[in-house]
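Only one structure is covered here, and it is reproduced in the block below.
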Amino acid sequence: MRIPRWKYTTVTKHRGMLFFILIPLLVSGVATAQEGTDAQHRLHSLSFFGGIVEDSQIFLSPQSPDPVERQANTDIGSTFGYGLSYRYRLFSTVALQLHGEYVHARSSYRDQVGTKIENGYDVWIAEVSGMFMLPFSSRRFEMFVGAGAGMYVGRRVYVIADVSSETASSLPAFGIHVLVGAEYLLTDHLGLRADIVFRDPQMSVENRFPLSTVQSNGVAYPLETSPFLSHVNLNGNVYAIGISWHF
């Protein structure tokens with residue numbers, strides 16, 4: 001019997017798409033009001049980030065009828081992500097941000113007979129945020145809060161005895177996020193920035209192996225050649241630091 005696909009992602013997709021579409025529409029209505037922008041602030045900035053994703057898991061049987069089996073997962077733990085953000089200041093206290101990020105993680109172990117088994121994922125992130133500068137900010141130092149929506153595209157990496165599974169299909173996930181951060185301008189153009197992002201995206205991915213079995217250390221490992229479903233979940237906070245360029 002074929003497992004129904006995208007049960008989780010399809011439910012959340014339409015909600016996420018609504019946020020993803022509405023946020024830029026809401027801020028675009030005030031984008032032409034440049035007379036409200038404080039002259040001491042430059043309109044554009046680019047920020048380059050490196051950050052730590054606090055925690056992540058891969059759920060192995062997300063559509064099992066057994067509730068215990070549904071929660072079975074491989075804990076990947078914390079990992080690193082790298083990103084680029086573009087911020088456009090609508091007013092002195094309001095900005096729109098577009099953010100792209102790549103998160104990469106691998107975890108491996110050896111079973112009882114010494115065969116290496118590797119799990120991991122690659123996730124590509126695109127987010128849009130509305131940002132609001134807190135009132136005690138100054139020209140050199142700003143603290144801000146924000147919220148928005150994002151699209152998340154992922155793939156699972158699963159290797160048994162050097163045989164890698166292939167991505168059979170993957171559906172983008174949509175979700176919301178909240179962020180807080182601070183920035184200090186070293187010069188009129190160059191700044192240091194730190195962000196904390198709260199988000200919980202979960203992507204549905206199907207993999208399959210190109211072989212039905214593999215021999216390793218005297219043991220025959222059966223491999224699944226039909227697509228099998230996994231959920232890649234990034235449920236940890238993101239702690240990021242980077243540099244910014246204002247122009």
Do Ser45 and Tyr86 have a side chain donor and acceptor closer than 3.5 Å? no
Quick one: are the ring centres of His177 and Phe198 less than 6.0 Å apart? no
Please check if the side chain of Arg208 supplies one atom and the backbone of Glu224 the other of a donor-acceptor pair under 3.5 Å. no
Checking Ser85 side chain against Ser47 main chain: does a donor-acceptor pair fall under 3.5 Å? no
Parallel, tilted or perpendicular: which fits the ring planes of His44 and Phe247, with parallel below 30° and perpendicular above 60°? parallel
Nearest non-hydrogen partners of Ala220 and Pro222, listed with the distance: O-CD, 3.5 Å
Going through the distances and angles, do Glu142 and Arg89 end up as a salt bridge (Lys or Arg N to Asp or Glu O under 4.0 Å)? CA-CA 13 Å; Glu142 286 187 328; Arg89 193 180 292 269; 3.2 Å; yes
One pair to check against side-chain contact (heavy atoms from CB on, under 4.5 Å): Val232 and Gln57. What are the steps and the verdict? CA-CA 6 Å; Val232 176; Gln57 296 90 27; over 6 Å; no
Residue from Asn237, Asn233, Leu234 passing side-chain contact (heavy atoms from CB on, under 4.5 Å) with Asp200: Asn233
ILVMFWY network linking Leu229 to Val68, side-chain heavy atoms under 4.5 angstrom: no
Applying the 4.5 Å side-chain criterion to the ILVMFWY set and letting contacts propagate, would Ile52 and Leu179 be lumped into a single cluster? no
May I ask you to check whether over 12 heavy atoms, not counting those of Asp162, lie within 6.0 Å of atom CG? no
Has Thr93 got a side-chain atom pairing as donor or acceptor with Met133's backbone, closer than 3.5 angstrom? no
Please tell me if the side chains of Tyr82 and Glu101 come closer than 4.5 Å, counting only heavy atoms from C-beta onward. no
Hey, are the side chains of Val163 and Pro210 touching, using non-hydrogen atoms and a 4.5 Å cut-off? yes
To the nearest 0.5 Å, tell me how far Ser164 OG sits from Leu211 CG. 10.5 Å
So Asp195 and Val180, do their side chains get closer than 4.5 Å, heavy atoms only? no
Return yes if some donor-acceptor pair links the side-chain N/O of Ser170 with the main-chain N/O of Gly154 below 3.5 Å, else return no. yes
Between Arg140 (side chain) and Glu183 (backbone), is there a donor-acceptor pair under 3.5 Å? no
Separation between CE of Met143 and OH of Tyr184, rounded to the nearest 0.5 Å: 15.0 Å
Is there a side-chain contact (heavy atoms from CB on, under 4.5 Å) between Ile160 and Lys116 once you walk through the steps? CA-CA 6 Å; Ile160 298 178; Lys116 183 179 178 181; over 6 Å; no
Interatomic distance, OG@Ser107 vs OH@Tyr121, rounded to 0.5 Å, equals 10.0 Å
Got Thr79 and Val103 here, is their nearest side-chain heavy-atom distance under 4.5 Å? yes
Tell me whether Val53 is reachable from Val153 by hopping between hydrophobic residues (I, L, V, M, F, W, Y) whose side-chain heavy atoms are closer than 4.5 Å. no
Among the clusters formed by ILVMFWY side chains lying less than 4.5 Å apart, do Met151 and Tyr102 turn up in the same one? no
Any ion pair linking Arg156 and Glu206 (charged N to carboxylate O, less than 4.0 Å)? no
For the pair Thr213 and Tyr221, evaluate side chain to side chain donor-acceptor pair (under 3.5 Å) and give the outcome as yes or no after the intermediate values. CA-CA 5 Å; Thr213 185; Tyr221 291 82; over 6 Å; no
Leu185 side chain near His246 side chain, heavy-atom distance below 4.5 Å: yes
Between Ser64 (side chain) and Asp66 (backbone), is there a donor-acceptor pair under 3.5 Å? yes
Verify, without hydrogens or angle tests, whether Asn207 (side chain) and Val157 (backbone) share a donor-acceptor contact under 3.5 angstrom. no
In terms of hydrophobic clusters joined by side-chain contacts under 4.5 Å, are Phe49 and Val123 together? no
On a heavy-atom basis, the closest approach of Gly77 and Ser56 is O-OG, 2.9 Å
Mind checking whether Phe209 and Tyr158 have ring centres under 6.0 Å apart? yes
Check the pair Thr115 / Asn217 against side chain to side chain donor-acceptor pair (under 3.5 Å), numbers first and verdict last. CA-CA 7 Å; Thr115 298; Asn217 296 317; 3.2 Å; yes
Main-chain N/O of Met131 paired to Ser129 side chain as donor or acceptor, under 3.5 Å: no
Can you find a heavy atom in the side chain of Ile58 that is under 4.5 Å from one in the side chain of His231? no
Under 4.5 Å between any side-chain heavy atoms of Ser212 and Leu223, yes or no? no
Would you compute the distance between atom CG of Leu96 and atom OH of Tyr88 and round it to the nearest 0.5 angstrom? 9.5 Å
Using every non-hydrogen atom in the two residues, find where Ala105 and Ile76 come nearest and quote the distance to one decimal. CB-CG2, 3.6 Å
Between Glu127 and Tyr152, a side-chain donor and acceptor under 3.5 Å: yes
Between CG of Leu171 and CE of Met203, what distance do you get to the nearest 0.5 Å? 11.5 Å
For atom CD of Gln112, decide whether the heavy atoms of other residues, nucleotides or ligands shown that lie under 6.0 angstrom number more than 12. no
Salt-bridge contact Glu166-Arg155 (side-chain N to carboxylate O under 4.0 Å): no
Heavy-atom distance under 4.5 Å between the side chains of Phe59 and Gln71, does that happen here? yes
Pairwise distance CG(Leu46) to CH2(Trp245) - rounded to 0.5 angstrom: 10.5 Å
